[in-house]
Every structure is written in structure tokens, then in C-alpha cells.
Amino acid sequence: MKQLCASLIVLVTAALCSAAELSPQAALKDSGVQGGLIVHLGCGDGRLTVALRANNSYIVHGLDADAKNISTARQRAAKAKLEGKVTFDVLSSALLPYTDNLVNLLVAGDLDKISTAEAMRVLRPGGVLYTLKGDKWTSTVKPRPKELDDWTHFLHDPSGNAVSNDTVVAPPRHMQWLAAPIWSRNHHKLASISSIVTKDGRLFYIMDSGTAANMSVTGKWSLVARDAFNGVQLWSKPMATWAYQGHGFRNGPVQLPRTLLVGPKCVYAPLKMSAAVSAVDVASGEIVRTYKETAGAEELILIDGVLMVVSGAPLAEQAGVDPALKSAFKFPAVKTIRAIRADTGELLWKWSDEQAGALMPLTLAAD
């Protein structure tokens, strides 16, 4: 039983730098954490804490028992113009001021009154406790429960069977995190979030952050990545165009939710209306590859490393909800299915319908 519990609680790996050599670069590299919420316990004057915010994908919180240290650290963050991105508070208890499964990286030269169990409580699955043991810094990783499942496609997986294998999910009992925008643009018009998927503790969605004051204003669409456990925005990639914002709510277009999926290393989506599918790195948001032959992408799935895409010609079917396009082009569009190796872009095969509209929407699936 002790051996089983130990395997479920922590996975420990030795880090390579000594206490005297600790740097924010070493802490981030050794821990492997790429974005999210960092907590620095015993932050002192905040010098290291401020430096831990390596880029815009991190939010950092410093804790210290000495109020004078906190005052100095806040001044340092203000001088660096990082208010709200790097914050500090006095720690006056043996309990950390966070809900369960929230923190990506907890850096602590000395846990002091904080127990290891308490530190592990606040870490998200895959989160790292980075502590000094002797003269070596070590990374302790909180493992991901096997009972958690991912939702990589609109209907869970490429088979189109919208049933999760997750046995941890339950009725919500508290607010885990809250992020902008708080309101959608208009309840009676096109939904402000057109698609959403999740994998390995990251959440990806296509969202319209345009003004709610006037629905005649063109949507401001982006592909957004957030940490699923704390909501920290990891990156956002603007999309040049997307579906017509004036279209009626719950009135389609039915293809929109099926234009986004996430695989092991990349998230896949067309980055504007009727564009080809691009593979975007899940951690950095950088475009890895664009599959040019998939222009007019309407639906996509990924199975065993093979990307399957339904494309419409001359435009994607969902473009037809725009009155300006609907009058200029004939819909339904002619459909083509292409199977492409996601890692190389090699076209394996393609199939086209013989007449426009022969391939019904929402039917693409594989198992």
C-alpha cells in the first residue's frame, strides 16, 4: 500500500543546479513548465519572483512571512511595470491561499511551515514543486490521475461518439477560475465561442472578442489557449476573418464547432474563413505547418497521426451565412475529403463528391 500511494502522489527527479546557481531560467527549464501560474514561497525582496515571469504566458505570485519583504517586492514589481502580472502577499498560515489543483510551478528554497502534502494539494496535475534539498534543487511532479480524460474533438474523439471516459468530473462545487470576456456579444446572434477542445491540461477555443455595443461591427476572432486548471492565457492567435457575426443564435452554421481539434503536440484549425488548416504548437502558439491543399476547410478529425479534412469549393460551406457571400456564390459547395499525414504534410488520398451537396455535414468520423 505504501508503495502504491507513493507512486500516485509524486514522481521525483533530480535537478542539475546548486542553490548558489539558482536562476529563473534554470527553474523553468528544470521543471519543464511552459506557462501558467507560478508561486514563489519565501520570495524575499521579489528579485527572483519578478524574473520568473519569463514571458506573457506566466502569472507569478510571491509569498513571504515578512511584511517588509512584501512591501519591497511590490515596489520592485511596480518599477518593472508588472503590476497584476507579478503580485505579492503576506503568508500568515501553514495553509497556502489557493484552491486545489491550481498552480503550475511552486518554487520554495524552504517550505518552512508548509507541509509537502499542502504544497502538492495546490499543484495542478502535472504541476511541479521545485525545492532545495541539501545543496540541490529537485523537481517533484504531481502526476495526472488516470481517471481524467481529454476532449480533443467537437464530439470527444474522431469516432464522433460524444461520451467521455472521465470518472473524476462531477457537479461543480466551486469556481475554479474566471477569465474575460465575462459576457458574449449578443445572445440572439452568432455564439461568441464557436469551438472548444482540451488536452493535457490545456484549453483551446475560437472566440469573438468584438464589441457587444453594435453587432454590425465585424467580429474580432482569435484562437486562444489557456491553462485548463487556472485559466492563465498561454497565447492568443488573431484570425483574419470568421463566420458572419449577425447570423442567428442556435441557427448554425453547423460546421463551425468541427473546425478545431487538438493532438499530442499541435492544435489544428483554419485561421480564417475558408482558409487551409494550420498546425499550431500547443505550448508556444507558433504555426508549425499549413496544409495548403485543405483550403475551404469545413470539418477535421485526427486519428493515428492522420489528419482528415472536409473542404468545400469554391468556399467553405459556413462562409455562406454571410449575406454578401451567399448572394455571390452557389451553396452547398462541392466537397472533398483529404487524408494527410499530420507530421509531414504528405497527402495519402482524397475523395470528392460527384455533385454539390452529396456529402452531408457532420458525418466525418473514423475509428
Side-chain angles (χ1 to χ4, degrees), residues 6 9-80 82-143 201 227 229-230 232:
I9 295 175
V10 292
L11 170 67
V12 180
T13 57
L16 300 178
C17 63
S18 70
E21 298 170 341
L22 178 63
S23 67
Q25 293 82 5
L28 296 175
K29 181 179 179 180
D30 293 344
S31 67
V33 171
Q34 296 176 297
L37 174 60
I38 297 177
V39 172
H40 185 196
L41 183 60
C43 63
D45 64 4
R47 187 183 302 274
L48 173 61
T49 319
V50 169
L52 282 169
R53 190 174 187 268
N55 55 53
N56 291 334
S57 65
Y58 296 96
I59 288 179
V60 186
H61 192 207
L63 295 171
D64 199 283
D66 190 332
K68 291 183 179 179
N69 282 342
I70 295 301
S71 179
T72 301
R74 287 174 176 171
Q75 292 175 25
R76 186 181 299 278
K79 187 176 181 179
L82 290 174
E83 301 100 321
K85 303 299 183 181
V86 181
T87 57
F88 299 90
D89 282 294
V90 175
L91 180 65
S92 56
S93 157
L95 299 177
L96 293 168
Y98 312 108
T99 191
D100 298 352
N101 304 310
L102 190 75
V103 179
N104 296 83
L105 174 62
L106 199 163
V107 178
D110 182 6
L111 285 175
D112 195 22
K113 297 179 181 179
I114 305 298
S115 68
T116 300
E118 173 65 2
M120 298 304 291
R121 177 189 69 80
V122 303
L123 288 174
R124 76 196 280 291
V128 179
L129 174 60
Y130 195 65
T131 54
L132 186 62
K133 294 186 178 180
D135 63 347
K136 297 291 184 180
W137 287 85
T138 62
S139 296
T140 305
V141 182
K142 182 173 181 176
D227 187 283
F229 290 96
N230 53 50
V232 174

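Computed over heavy atoms, backbone and side chain alike; hydrogens, waters and symmetry mates excluded.
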Inset, instruction - Decide side-chain contact (heavy atoms from CB on, under 4.5 Å) for V107 and C43; before the verdict, give the C-alpha distance in whole Å, the side-chain angles of both, and the deciding distance to 0.1 Å. - result: CA-CA 9 Å; V107 178; C43 63; over 6 Å; no

In this structure, CZ of R47 is separated from CG of L52 (nearest 0.5 Å) by 13.0 Å

The side-chain contact (heavy atoms from CB on, under 4.5 Å) partners of S93 (sequence neighbours excluded) come to L95

For residues 31-43, the side chain to side chain donor-acceptor pair (under 3.5 Å) pairs (sequence neighbours left out) are H40-T49

Minimal heavy-atom distance between A77 and F88, with the atoms involved, is CB-CE1, 3.9 Å

With a 4.5 Å heavy-atom cut-off, do T87 and V60 have their side chains touching?
-> no

Across all chains, not counting sequence neighbours, the salt bridge (Lys or Arg N to Asp or Glu O under 4.0 Å) partners of E118 are R121

With sequence neighbours left out, the residues meeting side chain to side chain donor-acceptor pair (under 3.5 Å) with R124 are D227

Heavy-atom nearest pair, S23 first then L48, reads C-CD1, 4.2 Å

A108 meets the side-chain contact (heavy atoms from CB on, under 4.5 Å) criterion, sequence neighbours left out, with L41, L106, L111, T131

Ion pair present between D89 and R74, side-chain N to carboxylate O less than 4.0 angstrom? yes

Sorted by chain and number, sequence neighbours left out, side-chain contact (heavy atoms from CB on, under 4.5 Å) with A80 holds for V50, L82

message = Donor-acceptor check, side chain of N104 to backbone of L37, threshold 3.5 angstrom: yes or no?
response = yes

Self-check item: K142 (side chain) donor-acceptor with M120 (main chain) under 3.5 angstrom
Solution: yes

Taking every heavy atom of Y130 against every heavy atom of S139, the minimum-distance pair comes out as CD1-OG, 3.3 Å

Check: Side chains of V103 and V122: does their closest heavy-atom pair fall under 4.5 Å?
Finding: yes

For L28, the side-chain contact (heavy atoms from CB on, under 4.5 Å) test, sequence neighbours excluded, returns I38, A54, Y58, L105

Residue pairs passing the salt bridge (Lys or Arg N to Asp or Glu O under 4.0 Å) test with at least one member in residues 53-69, sequence neighbours excluded, are none

Sequence neighbours excluded, the answer for side chain to side chain donor-acceptor pair (under 3.5 Å) partners of D112 is none

* Asked: Run the side-chain contact (heavy atoms from CB on, under 4.5 Å) check on N101 and L123 step by step: do they pass?
  -> CA-CA 5 Å; N101 304 310; L123 288 174; over 6 Å; no

Applying side chain to side chain donor-acceptor pair (under 3.5 Å) to Y98 and not counting sequence neighbours gives H61

Scanning both residues in full, the closest heavy-atom pair of A94 with K113 reads CB-O, 3.7 Å

Taken in chain and number order and not counting sequence neighbours, the residues that satisfy side chain to side chain donor-acceptor pair (under 3.5 Å) with T72 are none

Residues pairing under ring-ring contact (aromatic ring centres under 6.0 Å, His included) where one sits in residues 101-128, two or more places apart or in two chains, turn out to be none

* Asked: With a 4.5 Å heavy-atom cut-off, do R76 and V86 have their side chains touching?
  -> no

Scanning both residues in full, the closest heavy-atom pair of W137 with G109 reads CH2-CA, 3.5 Å

Closest non-hydrogen contact found for L63 with P97 is CD1-CD, 3.9 Å

